[in-house]
There are 2 protein chains.
Amino acid sequence: MAEKQLKERIIETALKLFERYGYHGVTVDRIVTECNASKGGFYHNFKSKDELLYHIHDVFITYVLNKAQEAYVKYKTPTERLCAIIQSFVKVFDLYKPHITVFYQESTYLKPEYSEKINEKREQFKQVIFQVIREGIEAGEFRSELPVEITGMSIIGMINWTYKWYKPHGSMTIEEIAKVFTDLILHSLLTEQAKQKEEISAFFLKNFSHS
Amino acid sequence: MAEKQLKERIIETALKLFERYGYHGVTVDRIVTECNASKGGFYHNFKSKDELLYHIHDVFITYVLNKAQEAYVKYKTPTERLCAIIQSFVKVFDLYKPHITVFYQESTYLKPEYSEKINEKREQFKQVIFQVIREGIEAGEFRSELPVEITGMSIIGMINWTYKWYKPHGSMTIEEIAKVFTDLILHSLLTEQAKQKEEISAFFLKNFSHS
DNA sequence: GACATCAGACCGACTAGTTGGTCTGTTATT
DNA sequence: AATAACAGACCAACTAGTCGGTCTGATGTC
């Protein structure tokens, strides 16, 4: 099939419009007009405008959560895990920028039934991060004076905020940005011993040096 | 005057409602009902619902920008300036949590005439931060390999994100949270020499140690 | 000090426009 | 022929904003 499916076209168009004008700044009429569809076509594919919003949320959070869990399983030390999660998380901005914008701007407007499901996955994602930090402290790789939750939310916030300013095709690639983030975060978490330790600093330098 | 002025009551009520239900989730009718006012009273005080939204934005960004500029003037070294800005910025969350939530959630819906004014101040605020980082690098206090803009946006993002999870009257005071942020940021910015240097590390320890 | 005048704060029924969602009909597909 | 995919006119509900009117208090005048 050469033509894209209607559902896909609707989602793409909605995403583009929501990102720019906000969920409430875009009417269903506008979405269907802009992708050469109709009200009927829209409501054949979605139960409601809310369901479309949910769908967008779900695609993104599901992806991010999976990536984080994969990274957790793939690596074994807290530092490596953290780096891998950061890297994959940041890279999502190239793939899902519009999703992310909608996710963080419009989640207020999700109907309770939907937001419950989304929040569950969101919570799981946070827990993966907290877990890594906790293990890092226990292993002596991360500074023990750091409170896990706040540190975790700092990292998440720092990365999430990217959606407010990141422009794909800008002067810096997403990989370069990811490196800066990793560098900043490792500098603030690692203990002096960990920075010295061979294997950790080797991993650190190999992947994230500026030289 | 024992009774609060209507305009103030409207703003407070709107803030509370917007924070919870979002700008589009709250009707003018609901605002006026909830604060025992009327449509007439509302439109006597505001040209439009949009103007109310603008007003909320402006109060917050004006305050934050002033605080940052004050901090810049008051201190002389980049490290001190940065710490002071972070501290005052984070503390705003106790004062203006609802404003901030509205600011970051609903700015999409500001009419162009309004958003232009807001963005100007927003840009100024960013520039203060960038400036401090730039000066810190030049002075040898901050690591020279850090790109100014990204580092600045990391700091801003990390702090801003607080609005998503901070609960006043929670288990940690805003001052404690501010200290953690400062600690994380200084660890990621300061050069090894700066960490050693007496006056800087003294300032660092005096204000932000965990002991 | 009593009264007329007036301005500004506030009220609330009403309107005009908008928007999500429905319903009936048409077209493609197997 | 039967079903799924889609079209588009239509509807009902909602909501920002309006407009004529009321109430209160200040000011000036005799």
Side-chain angles (χ1 to χ4, degrees), chain A residues 1-58 102 105-115, chain B residues 1-58 102 105-115:
Chain A
M1 180 142 313
E3 267 272 20
K4 264 181 191 162
Q5 291 307 316
L6 181 59
K7 188 165 185 174
E8 270 313 304
R9 260 166 47 220
I10 291 174
I11 294 171
E12 271 180 34
T13 310
L15 230 20
K16 197 185 68 189
L17 292 172
F18 287 167
E19 183 181 14
R20 180 142 176 201
Y21 304 104
Y23 180 69
H24 284 93
V26 178
T27 65
V28 175
D29 270 312
R30 179 147 182 212
I31 297 171
V32 296
T33 309
E34 211 127 320
C35 66
N36 293 315
S38 66
K39 270 292 184 67
F42 183 94
Y43 283 96
H44 179 74
N45 285 285
F46 297 98
K47 266 168 45 193
S48 63
K49 195 186 176 192
D50 294 285
E51 202 204 40
L52 168 59
L53 185 60
Y54 167 70
H55 183 90
I56 292 172
H57 274 70
D58 192 53
V102 172
Q105 288 292 132
E106 314 292 349
S107 60
T108 329
Y109 298 115
L110 277 177
K111 291 274 146 63
E113 19 163 350
Y114 294 132
S115 66
Chain B
M1 180 140 319
E3 267 271 22
K4 261 180 192 163
Q5 293 306 315
L6 180 59
K7 187 164 183 175
E8 268 315 301
R9 261 167 45 223
I10 290 175
I11 293 171
E12 269 179 35
T13 312
L15 230 19
K16 198 184 68 189
L17 293 172
F18 286 168
E19 183 182 15
R20 181 141 176 203
Y21 304 104
Y23 180 68
H24 284 93
V26 178
T27 66
V28 174
D29 270 310
R30 179 147 183 210
I31 297 171
V32 296
T33 308
E34 209 126 323
C35 66
N36 293 315
S38 66
K39 268 294 184 61
F42 183 94
Y43 283 97
H44 179 74
N45 285 284
F46 298 97
K47 267 171 41 195
S48 62
K49 195 185 174 192
D50 295 285
E51 202 204 38
L52 167 60
L53 185 62
Y54 167 69
H55 183 91
I56 293 171
H57 274 69
D58 192 54
V102 172
Q105 288 293 133
E106 314 292 348
S107 61
T108 329
Y109 298 115
L110 277 176
K111 292 274 147 64
E113 17 163 352
Y114 294 132
S115 66

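Convention: sequence-line order gives letters A, B, ...; per-chain numbering from 1.
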Dump every N/O contact between nucleotides 11-18 of chain C and the protein below 3.5 Å, one line per pair.
residue, atom, partner, partner atom, Å
dC11(C), OP2, S38(B), N, 3.1
dC11(C), OP2, S38(B), OG, 2.8
dC11(C), O5', S38(B), OG, 3.2
dG12(C), N7, G40(B), N, 3.3
dG12(C), O6, G40(B), N, 3.1

Between residues 45-56 of chain B and DNA chain C, which residues have a heavy-atom gap below 4.0 Å?
N45(B)
What residue pairs, at least two apart or across chains, pass salt bridge (Lys or Arg N to Asp or Glu O under 4.0 Å) with a residue in residues 18-27 of chain A?
E19(A)-K97(A)
Could you tell me the separation between the NE2 atom of H44(B) and the C1' atom of dA7(C), rounded to a whole number of Å?
10 Å
Could you tell me from which nucleotide to which nucleotide of DNA chain D, 5' to 3', there is an atom under 4.0 Å from chain B heavy atoms?
dT15(D) to dT18(D)
Can you check whether F42(A)'s main-chain N or O pairs, donor with acceptor, with K7(A)'s side chain at less than 3.5 Å?
no
With sequence neighbours left out, write down each residue that passes side-chain contact (heavy atoms from CB on, under 4.5 Å) with T108(A), or none if nothing qualifies.
Q105(B)
Pair H24(A) and Y109(A), ring centroids less than 6.0 Å apart
yes
Which part of the nucleic acid does V26(A) contact within heavy-atom distance under 4.0 Å: base, sugar-phosphate only, or nothing?
sugar-phosphate
side-chain contact (heavy atoms from CB on, under 4.5 Å) partner of L17(A), the single match among V102(A), I31(A), T27(A)
I31(A)
N36(B) (side chain) donor-acceptor with V32(B) (main chain) under 3.5 angstrom
no
Sorted by chain and residue number, the side-chain contact (heavy atoms from CB on, under 4.5 Å) partners of Y43(A) (sequence neighbours excluded) come out as V28(A), K39(A)
By salt bridge (charged side-chain N to carboxylate O under 4.0 Å, His left out), R30(A) pairs with (sequence neighbours left out) E34(A)
Can you sort out the partners of H55(A) under ring pair (Phe, Tyr, Trp, His ring centres under 6.0 Å), two or more places apart, ordered by chain and number?
none
Side chain to side chain, C35(B) and E12(B), heavy atoms closer than 4.5 Å:
no
Letter per nucleotide, 5' to 3', of nucleotides 25-30 of chain C [B base touched, S only sugar-phosphate touched, - untouched; heavy atoms, 4.0 Å]:
------
With a distance cut-off below 6.0 Å to the six-membered ring centre and an angular limit of 45° from the axis, does K49(A) pair with Y23(A) as a cation-pi contact?
yes
Apply salt bridge (charged side-chain N to carboxylate O under 4.0 Å, His left out) to E106(A) and list each qualifying residue two or more places apart in sequence or on a separate chain.
none
Applying salt bridge (charged side-chain N to carboxylate O under 4.0 Å, His left out) to K111(B) and not counting sequence neighbours gives D50(B)
